[in-house]
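Remember, it's a predicted structure, so these values are computed and weren't measured experimentally. Here is how names work: the chains are called A, B, and so on, in the same order as the sequence lines, proteins then strands, and each is numbered from 1.
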Protein chains: 4
Amino acid sequence: MTFYLGAPICLADLVTRPENSLIHQSVKAKERLEPLNGDGFGVAWYVKGLSQAARFRSLTPAWSNANLDELARVTQSHCLLAHVRAATDGTFDVAEANCHPFRKGRYAFMHNGHIEQFPKLRRALMARLSHPAFNSIRGNTDSEHLFALVSDFLPPEASGHVDDLIRALRLGIATLHELIDQHAPNARVFLNVILTDGHCAAVCRYSSDPTRIDSLYINRGERYGCHEQRCWMDSGENDAVKAVLVSSEPLNSGPNWQPVPPNHLLGIDSDLRVCSQIIEQPRIDRPADSVEGNEP
Amino acid sequence: MTFYLGAPICLADLVTRPENSLIHQSVKAKERLEPLNGDGFGVAWYVKGLSQAARFRSLTPAWSNANLDELARVTQSHCLLAHVRAATDGTFDVAEANCHPFRKGRYAFMHNGHIEQFPKLRRALMARLSHPAFNSIRGNTDSEHLFALVSDFLPPEASGHVDDLIRALRLGIATLHELIDQHAPNARVFLNVILTDGHCAAVCRYSSDPTRIDSLYINRGERYGCHEQRCWMDSGENDAVKAVLVSSEPLNSGPNWQPVPPNHLLGIDSDLRVCSQIIEQPRIDRPADSVEGNEP
Amino acid sequence: MTFYLGAPICLADLVTRPENSLIHQSVKAKERLEPLNGDGFGVAWYVKGLSQAARFRSLTPAWSNANLDELARVTQSHCLLAHVRAATDGTFDVAEANCHPFRKGRYAFMHNGHIEQFPKLRRALMARLSHPAFNSIRGNTDSEHLFALVSDFLPPEASGHVDDLIRALRLGIATLHELIDQHAPNARVFLNVILTDGHCAAVCRYSSDPTRIDSLYINRGERYGCHEQRCWMDSGENDAVKAVLVSSEPLNSGPNWQPVPPNHLLGIDSDLRVCSQIIEQPRIDRPADSVEGNEP
Amino acid sequence: MTFYLGAPICLADLVTRPENSLIHQSVKAKERLEPLNGDGFGVAWYVKGLSQAARFRSLTPAWSNANLDELARVTQSHCLLAHVRAATDGTFDVAEANCHPFRKGRYAFMHNGHIEQFPKLRRALMARLSHPAFNSIRGNTDSEHLFALVSDFLPPEASGHVDDLIRALRLGIATLHELIDQHAPNARVFLNVILTDGHCAAVCRYSSDPTRIDSLYINRGERYGCHEQRCWMDSGENDAVKAVLVSSEPLNSGPNWQPVPPNHLLGIDSDLRVCSQIIEQPRIDRPADSVEGNEP
């Protein structure tokens, strides 16, 4: 998955042009156990004057979708999300309703990773949801349910404050851990998440298993641009930052890609300043030494 | 929707050949308010030696599906189900997971009609479900949820007794009315349902609104056959019945189509004998006179 | 099919909002023999700075396409095309490659109607095509082949002169008639066509059968606008025209819809002035009496 | 691609059960440069009493197609074909019309490989086709055009003689080489082909480039069977052969898979006897030494 916030760019600059574009990631993701992400995709982008992000999703693979190519070519936005799905283990259907990003009002959300033993949790999770969040569920993925959980902690009207996003994401994860403690205590969760309201964003790279965490990168600079099939981020003088990329894999071989620190949550405010917080491991009843023993 | 039980026939004899075949019903249903059923379709058929019915579903319209044509041409079975969807009001997604028939183990189920104010009921309905029934939900239609409710009253292993099907359908409808009483007392339900285990079937034609009920027909005879685009039911001598059709519309202009009596439940046993029961209107707490006042 | 040229409007103003929007026409076209247009659709729109129109096509029905809804909501353009397909007779596949509009470079083209006995013509038609036009054929519709024929008469670089469009359309139709004379002399053609380069457009309403012609309307005014589900064309004072609609059916019940005269070709230049020419019936070499003899 | 002829088996025994089933080949083909075959698939099978093979094709990937799973589970046949497509270079559309197997009357055909510079050949190739073969073209792949060429050499009514299949395949390839000589003399062709009439089959493994040839295997035995996810070929005593598999990759790690010799054409008659012929390299005008120099 890839996210951009900053001066307007073309959707193609994320989806089709970079060496390691989303299209490329759909065929051969480099840093994932399962390199194939051919079970549908979705893109979303914010449009001036409209609060809800526009979205295009399809259950067919990204690499052969002529409509995606067309949209990528003509769509300009200051805030874009793009996601390719891998459902190869067959737990969840390949269906449009299961494709990210998910939306609620002005908010958009996407997730890389999974929640183990989700069928044990689904019922209890749904019981926690508000009525509107409950009825918003259209598909059957862990991701959509997680977003429903998070969305209940979001202010109904987007405030534009990054703290609101951070808080909702943090509470959503904490609630998920409560549910796991009660219903599936051995289940691990892998939660790389991007949540935005079109002005600011909260990002987390999180795993409850200290021995394994999926990749997530951030890249900040003065300008992100592409020429033909080459894309790069210009470093700003004086630390002027006007473009932020977050991506499960670097889009190119440029130098500016920084891993998001494991088990951290980043806030990106509307001035593109980034703050970072640790996500504490859940208050687990496992003896502390066993956890220490696992640390790399 | 159309259902067949009896001596083996070809799927094309339901789906493509009759004057008013399922394909035709997908374009121009005659007896429905909304004549267009272009939001996907599904067929299921039982195969000797396999307990679960085979199924083919698609979210594209039946009338242009080349694969359906092919399957219809080569598939023979003694028990077949076929359904075309209309989701034109947009309440439920056009998605494969929302296409009938639904299945659980050996059972298959399809529904014409709808449950009003379903979003008010969904949560309470899901709370009633067993864990497996809860997790079996893949889509978001009222129909699939109704089947989940019914399926919890079905014996895990199909007994081949039609009474088991009748009982489950009856209890499912009663439970639905309980939920409606509590959560959406004005909601009407329109429940034309076919439920089978491949040996016998329960069928209901039911509406909670005395002024409106969807059509449903039954046709029994010695042999159902087609020659090119003409299909007919041979009446058996001595009342020998070896073929039963149930269909939301007659498949042809033949004489044998009998309306299923309103608010009745039919059982069709494995010898193709039909029994009929009334479905009592719900024990409604509305004052009796207001109900009488509504009667036509 | 619906076409707009003028001051920028939203795609939704053609596709979803009007009483008789494209979505509505996909379910229940009012003036066509076959009211159902559920075999895919396409939209195209011109974007400032890009010569080729952007396009979104799908083989699923327009009425249930969530992506179309989204695009309609956020897309603004001064020149838009929208088309719904009916392939119910099954001559041509339901496939994305068969959905209009077709494009070549800056040009976009859509067609309502059909060419009778097309299989008798296809080979000879393809033999007439330039190599690039031949290889541009991706599907198997009469419409795409007609556009290939027309496109060979278009200047490689769009000139912005409406005369170039008119000439190409006229020559394409004349060539088609030559082919018909040679290979399928009884074949009738029904050619309602819209051809544009994003600046100007040529439109024809043409039938070779004097007893039958499909509908086509034009609506010119100062401003075309929508408020919720109501759309209207403001008549300009002093004949100021800043918006032109061409549509196979009026989009609303407003007064300004004028039928395009039968067997006429309209040119709409970049100042939205309209010129009109008659399309002569083909110079048919058949003896006049034989034509009479054919009349029923 | 995988082909079976012999005593009836279940489609699942080719498509889903083997270690290296067609589903597996769709995700990770082992012996191909491009391991991903996610651009649609097709299966075909012959049914007693019907001359034309039944076919199921889809433009979505094989690995997530629930309908394919269902069909695989219930379909029994003595002659089955299965194919997964890779169109990743984007030359040809991902479309149902482009999915193999192709059919004409009783014949079915599938192809692994490609014809270089096909756009230079298409026009001349089409000019060679009979009228019916010309009009049979629905898509735009090299493979479908090759089959059209081959099909013109097939007897209209299948004779059941393997020689007819061999002859047509041989003449089709020779004609293709003629066209290449005239229109694209440097174009290489990679032609692994399976052609059947449901009784017998012709198979070729052919490349015009001596340095590269795609894999193709044959496996003959007394019985091909599966138990859960394990499949094997029983060797027959006394060379009794009642089952023949041909596959671009071995379906399992069993010992009986023999490579089809490079540039050979095999005939499999209705008694499952196999004959083998060399396919002579085209009469190429390149100096002989350069060809020798390329040999491995």
> Ring centres under 6.0 Å, that's the criterion: do Phe102(C) and Tyr107(C) meet it?
no

> Just jot down the ring-ring contact (aromatic ring centres under 6.0 Å, His included) partners of Phe147(C), sequence neighbours excluded, or say none.
Phe109(C)

> Return yes if some donor-acceptor pair links the side-chain N/O of Arg17(C) with the main-chain N/O of Cys226(C) below 3.5 Å, else return no.
no

> Considering residues at least two apart in sequence or located in another chain, which fulfil the ring-ring contact (aromatic ring centres under 6.0 Å, His included) criterion with Tyr224(A)?
none

> Can you say whether Glu96(C) sits under 4.5 Å from chain A via the side chain, the backbone, both, or neither, judging by heavy atoms?
side chain

> Just wondering, do Ile137(C) and His145(C) contact through their side chains at under 4.5 Å, heavy atoms?
yes

> How would you list, in number order, the residues of residues 67-75 of chain A that have a heavy atom less than 4.5 Å from chain C?
Asn67(A), Glu70(A), Leu71(A), Arg73(A), Val74(A)

> Check side-chain hydrogen bond (donor to acceptor under 3.5 Å, both in side chains) between Asn192(C) and all other residues, then give those that pass, not counting sequence neighbours.
none

